[in-house]
Amino acid sequence: YVKELSRRGVTRLLLWKEYRRKDADGYSYQQFCEHINTYLQVNSAVMHLEHKPAEKMEIDFAGGKMHYFDKQTGELIECPVFIAVLPFSGYTYAEALIDMSLNHLIPALGRCLEYFGGIPENVLTDNLKQMVKRSNRYEPCFTDLAQQWSLHYNTSLLSTRVAKPRDKSTVEKAVDLAYKRIYAPLRNHTFNSLSELNHHVKECLENHNKTLFQKKDFSRKELFLQEEKALLKELPAERFEVKYSVKAKVQRNSHVTL
């Protein structure tokens, strides 16, 4: 019945009527709904996770995109928004990218760590095809470029289970807050370049990180600076540079085209 409820237009009343046609002496509508509610409560239990400072960074892309206008063509350019968050403090990073390819995601990850001023022990992603070559609950296989990046920054890559968004619930919440505190304030603004768009994104991001938690007298930034930043590992002396390798076949004239 719960599975049927997920289908468009299906209601509990409809399911109950179909049920009573099969069993005229069955449950009343109120009892029928009560049993469904009990089942939903039992099967929707979640675990409360205690996050340790500097232990993990969760990353994701927001589902909605931002945009700017190309001055030369007048074209509206859509930009995916990269979101990263440190679960312990909730300190958040956001940046609009040209696209979601690994060539743009990898540099954004580097800028994200520079924004945090250090490196966490682990980086958790969902099964982004840019990062994860083969999904597996216990030993996912990451792309070569993603592994090179993690070695350069001395951090471990982790992946969530397939179709389990609660495995990265903190960044899911950060995406929701980004809609409210970045997307919404900028919804009526017009931007003429990606850099201009990101300038305003960073302003909204700073305001978000400085906003006090509900029913608390400190912000994400204050918690991060006081209890987490000092525990992050130091950044390497140089940024990670994307490297490309090509296999060349020797031709019949004993030459290789470079």
Side-chain angles (χ1 to χ4, degrees), residues 1-53 55-66 80-92 94 100 122-129 131-132 134-140 157-185 187 208-209 211-220 223:
Y1 288 121
V2 170
K3 187 176 180 180
E4 285 294 307
L5 278 173
S6 64
R7 300 176 66 177
R8 183 177 298 174
V10 177
T11 63
R12 296 184 182 195
L13 181 60
L14 174 64
L15 293 175
W16 175 74
K17 288 180 178 179
E18 293 174 348
Y19 158 72
R20 286 302 294 263
R21 280 199 291 268
K22 295 179 180 179
D23 185 359
D25 298 325
Y27 293 119
S28 67
Y29 177 65
Q30 183 177 0
Q31 289 177 310
F32 182 81
C33 292
E34 184 176 343
H35 283 298
I36 287 180
N37 289 336
T38 301
Y39 176 85
L40 289 172
Q41 290 174 0
V42 170
N43 288 275
S44 63
V46 296
M47 180 184 292
H48 175 72
L49 299 177
E50 292 288 345
H51 297 289
K52 298 179 181 179
E55 180 185 36
K56 187 189 303 178
M57 177 177 76
E58 297 181 7
I59 63 173
D60 200 4
F61 279 98
K65 296 183 179 181
M66 305 189 79
V81 178
F82 168 71
I83 305 288
V85 63
L86 298 172
F88 172 77
S89 61
Y91 198 51
T92 307
M100 297 172 64
N122 307 287
V123 175
L124 176 67
T125 177
D126 61 4
N127 290 273
L128 290 172
K129 63 181 181 180
M131 300 282 288
V132 182
R134 186 176 65 253
S135 301
N136 186 284
R137 182 170 183 175
Y138 303 104
E139 294 184 2
L157 293 175
L158 303 175
S159 176
T160 63
R161 294 171 294 172
V162 177
K164 297 291 183 181
R166 285 179 178 171
D167 286 357
K168 54 178 181 60
S169 58
T170 307
V171 75
E172 293 287 339
K173 179 61 177 178
V175 169
D176 180 62
L177 289 172
Y179 289 141
K180 297 174 181 176
R181 297 181 179 177
I182 298 177
Y183 282 66
R187 68 189 185 281
H208 163 65
N209 283 325
T211 301
L212 299 181
F213 285 106
Q214 289 186 358
K215 300 180 181 180
K216 295 181 181 178
D217 58 354
F218 56 87
S219 66
R220 291 168 177 81
L223 181 60

Among all residues two or more places apart in sequence or in another chain, which pass the side chain to side chain donor-acceptor pair (under 3.5 Å) test with K216? none
Partner set under side-chain contact (heavy atoms from CB on, under 4.5 Å) for S28, not counting sequence neighbours: Q30, Q31
List the steps, then state whether side chain to side chain contact (heavy atoms under 4.5 Å, CB included) holds for R12 with Y29. CA-CA 9 Å; R12 296 184 182 195; Y29 177 65; 4.0 Å; yes
Distance-only donor-acceptor hits, side chain of residues 56-64, under 3.5 Å, sequence neighbours excluded:
{"unit_1": "E58", "atom_1": "OE1", "unit_2": "T170", "atom_2": "N", "d": "3.4"}
{"unit_1": "E58", "atom_1": "OE1", "unit_2": "V171", "atom_2": "N", "d": "3.1"}
{"unit_1": "D60", "atom_1": "OD2", "unit_2": "K168", "atom_2": "NZ", "d": "2.9"}

Here the gap from Y183 atom OH to R187 atom CZ, rounded to the nearest 0.5 Å, amounts to 14.5 Å
Holding to salt bridge (Lys or Arg N to Asp or Glu O under 4.0 Å), I want the full list of residues that pass it with D176, two or more places apart in sequence or in another chain. K173, K180
Measure across L212 and S219 and return the closest heavy-atom pair with its distance rounded to 0.1 Å. CD2-N, 3.8 Å
Kindly write out the residues that satisfy side-chain contact (heavy atoms from CB on, under 4.5 Å) with S169, not counting sequence neighbours, or none if the list is empty. none
Got more than 12 heavy atoms from elsewhere within 6.0 Å of OH, Y39? no
Only counting residues at least two apart or in another chain, list the ones meeting ring-ring contact (aromatic ring centres under 6.0 Å, His included) with H51. none
Considering all heavy atoms, the nearest S89-L223 contact: CA-CD2, 3.6 Å
Donor-acceptor pair, distance only, cut-off 3.5 Å: does the side chain of N209 make one with the backbone of T92? yes
Contact check, side chains of V10 and E18, non-hydrogen atoms, under 4.5 Å: no
Distance from F88 atom CZ to R220 atom CZ, nearest 0.5 Å? 13.5 Å
Can you see which heavy atom on N127 is nearest to which on S135, and at what distance? OD1-OG, 2.7 Å
Sub-4.5 Å side-chain heavy-atom contact between T160 and L124: yes
Interatomic distance, CG@L5 vs OG1@T11, rounded to 0.5 Å, equals 8.0 Å
Should we count OH of Y27 as having more than 12 external heavy atoms under 6.0 Å? no
Around atom CD of E34, are there more than 12 heavy atoms from other residues, nucleotides or ligands closer than 6.0 Å? no
Hey, what do you get for CD (E4) to CG (L14), rounding to the nearest 0.5 Å? 9.0 Å
